[in-house]
Structures are given as structure tokens and as C-alpha cells.
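As a basis for the values below, the full set of heavy atoms in this structure was taken, side chains included, without hydrogen atoms, waters or symmetry mates.
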Amino acid sequence: MRILFTPVAATATPLFHLVPLAWAFRAAGHEVRVAVLPDLAQAVTATGLPVAEVGRDYKIMDGVIASRGGHRVIEAPASEWTRSGLASADGAASAPPPADQAGLADLRNAAMAPLVEGAARMTPDLLRFAERWRPDLVVTDSMVFAAPIVAAKLGIPLVRHTWGPDVMRMISQPLQGFSDAGDVRGQWPVGLPELYDHHGVEVRNDHPLRTVDPWPTSLQLPGMAGRLPVRFVPYNGAAAVPDWALDRPARPRVCVTWGTSTAALAGDEAFVLPRVVDALAGMDVEVVLAISAADRVKLGTLPDNARVAENVPLHLFMPSCSAIVNQGGTSSLLTAACFGVPQVMMPQTADNPFNAANYNASGAGITLDPTRATNDEIGAAVARVLTDEACRAAAEKVREEIAGTPPPSAVVDSLQALARA
């Protein structure tokens, strides 16, 4: 069989979520191609997967920043998520809000505009490639709106792949996963119905036949149609394993990281890691800063208890960690969860506040407001997740749930049967 993967080309993180399933298909003897905008092509080849470049040279992250009027910081994200109904104030998972809820249309159109433009750029090339290569199955990210067009026109089964709490299902669009009896055209992002009309594809929300979902079942939003749970297998890029990662540290090791999407979206005024480093400087812990070279420059002189793991994938040293401070991105969050590591989350941008609020319901972490948290509060939160037995037991419970979820190889079997049906 031939399997076509289409990750969204905002950063490499969505691609990384697809890599374990793509390699599971290859290990089972199937052909795989990954079709992306040119900006992500190098990241694909670095995973060892073959790439097909589609679309003109459009950078979705630049489009996201442009849609915010050039501002790199997304203002008051936590309050926006709560007001929209996509996350409750107490951190519990909420059910999907009505599609016509006040303010949701403006939030949807602003957030989706770069994705609609990306779909318009990708569709002609993606369609030409698929017509020539003839995949038997398309596995797509929730934000690649070109994939349903190609799948529908060529009669190819379409599968959606999520990576976190299914917030995209709450925003009416072709990969939502279930039908809606309301005014679907009026609920889609501006410009997207016209793109589907142009290609003669029906404007409806339930194009995918199944949804592959690595988010823990106990935390996922209810009612996901055609859900196929899959074990999250951490992949954060390739690198040599540093020697220190193989040793058990003499004192608790605390990872501090700041995701690539957050770094791209947030300006220097939102960079909280200097405060985190200061908060941990006086604690009896070993701080491992998993950061980029650009973020390392911003930190200046480091305390004696800190080491830098520049561009070292988290999964290479997370088993040796006792806690993590992160931005609430799903890759950092799930990688730590796989190893039962309790978390302190400081979300600011994109879907990170919702991810953190949702994961917080497990009891395996603490969420802080990064705009208000003091050094003392950050230090106290880290001390709590290091010592609180209930928090550590909750983290172990999530780890066990992830470990007990069907592996990618089992999902390959299910999707293979779907493609051949």
C-alpha cells in the first residue's frame, strides 16, 4: 500500500507527531510519502522519510504573525480560551461550544486565515502529486485543509491525526470529524468554502473516516467520531545521546524547556526562562535547559546548578528527570508524560493554555500564569511536583495509561483494513 502523510508546515512539531506512525507503516512494508510546503521539507528528510514538496513558498508561521498585525505575542490567550468556551476556568475539559457562540467566529477566522491560505497554495500541487503517485490512504494533520480536497476528488480514504486535546474539532472545518446539521458554510473560516467549491468538493465537516489520537483517553474531550487511540511514542528529532543523560543524577534533575512554536510566536517580553532559571538557582536540583541556540543567548550567565542541552531531543534524557517546566506544548507535555514526569506548565500562546488546562485535570502537573508568577511561586511549584506524592502518583497513572494504549503498529493494521475496505 501507499500512504500519504500531510503534516501542517508551521513548525516541525506536528511532523514529529506523525513520524512514529509513518515509520510503523514503513516497517510493515508499505510505501510512505510526506507532502509539505517547501519550508518543512528539510525537517522531513531529517526523519528519514521521503518528501514531496507542494505549494508555493509560503510560510504558515509568518502568516500567523501577519494575521496578528505583526505582533509576535498572542494577547491574553488564557482568557480568550476561557471566554470562547474552549477551556473552563477550573482547568477541566469542556464539551464543544455551539458553533455560533458569540465571538467564536472572529476567533476562528483570525486563527484559520493562514491555514486557508496554506491550503490554497498546496492544493494544486498536492492534487497533481496524488494523481501520479496514487496513494491508498491519506493521513493528515487537523489543520491541513487541502487534504480533504485531494482525498475526495480521487476517492481516497482520509484519516485525521490529532496531537492533543481536540480543540480543532470545536471549530467548524472540513476535518472536524463529525457532521453538523447547521449552516456549515457559514461556520467555516472565510475563504475555505470557496476553495472547496472551486475544486468541486462538498462543504461538510466529516471528511475523515477515522481519527488517530495519541492524547490520553482519560483527558480527551468527549464525543470524538471514529477515534483510534494510539500510544504516543516520543520523537523530538535526532541527535547523539549525551553521556550525562545515561547517568542517574546525584540530585533531582529538572528539565526546563521552551517550545519551537512558542519561541516563534512570542517576543522577548514573553520569554520567561530567565525568571525560571533564577527561581531554581538556589534549589538543590540539577537544571537541564533544553533550548535552542537563539534562546541560549538570551539567558546570559547561568547558575552553577544549570547545564545546557542545546537542541538535544527531550526523549533522550527525560527518563532521568524528576520534573519538567514547560510551555504547555503537546510535544513537551506528552514526552514528559510518557516517562511519568510531573510538570509545571507556563502557557502563553496558541493552544498551549488549553493543553495545560486539560492536562492539569489529571493532577499530574501545576499550571502557572507566566505573566504573574513570581520567582518564589515558580520555585514552590517545582518543589511541590518533586515532593507531592499525589502529584507523582497521578503522573505515574498517566504514564501507565499511555503505555497501555495500542502502539502505532496496531493502528497500522486498523488503517490497512480501512484502506482495503
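- Between the side chains of T162 and D213, at least one donor N or O sits under 3.5 Å from an acceptor N or O.
- Within 6.0 Å of CD in E31 there are more than 12 heavy atoms belonging to other residues, nucleotides or ligands.
- No salt bridge links R2 with D136; every basic N to acidic carboxylate O contact stays at or beyond 4.0 Å.
- No hydrogens or angles considered: a donor-acceptor pair under 3.5 Å links the side chains of T211 and R160.
- Aromatic ring centroids of W188 and Y196 lie under 6.0 Å apart.
- Checking N326 against T257 by side-chain atom types alone, no donor-acceptor pair falls below 3.5 Å.
- Heavy atoms only, all atoms of each residue included: V398 and S362 are closest at CG2-CB, 3.9 Å.
- Using a 3.5 Å distance cut-off with no hydrogens or angles, the side chains of D376 and T374 do not pair a donor with an acceptor.
- Side-chain contact of N236 with T335: a donor-acceptor pair under 3.5 Å is present, judged by distance alone.
- Residues H315 and P234 come closest through the heavy atom pair CB-CB, 3.6 Å.
- Between F317 and W244, the two ring planes are tilted [angle within 30° to 60°].
- E377 approaches R372 most closely through the heavy-atom pair OE1-O, 3.7 Å.
- In this structure, the side chain of E310 does not engage the main chain of A290 through any donor-acceptor pair within 3.5 Å.
- Aromatic pair H17/Y235: centroids not less than 6.0 angstrom apart.
- Donor-acceptor pairing under 3.5 Å is recorded for the side chains of Q416 and H30.
- Contact check on K298 versus D295 returns a salt bridge, with a Lys/Arg side-chain nitrogen under 4.0 Å from an Asp/Glu carboxylate oxygen.
- No more than 12 heavy atoms of other residues, nucleotides or ligands shown are found within 6.0 angstrom of CZ on R384.
- Looking at K397 and E401, no side-chain N of the basic residue comes within less than 4.0 Å of a carboxylate O on the acidic one, giving no salt bridge.
- Using a cutoff of 4.0 Å between basic side-chain nitrogens and carboxylate oxygens, E389 and R392 are not scored as salt-bridged.
- At least one side-chain heavy atom of Q220 sits under 4.5 Å from a side-chain heavy atom of D166.
- With hydrogens and angles left out, the side-chain atoms of R210 and S414 include no donor and acceptor closer than 3.5 Å.
- Judged by distance alone, the side chains of D141 and T6 never bring a donor and an acceptor atom under 3.5 Å apart.
- A donor-acceptor contact closer than 3.5 angstrom is absent between the side chains of N205 and Q173.
- Between the side chains of S322 and R253, no donor N or O sits under 3.5 Å from an acceptor N or O.
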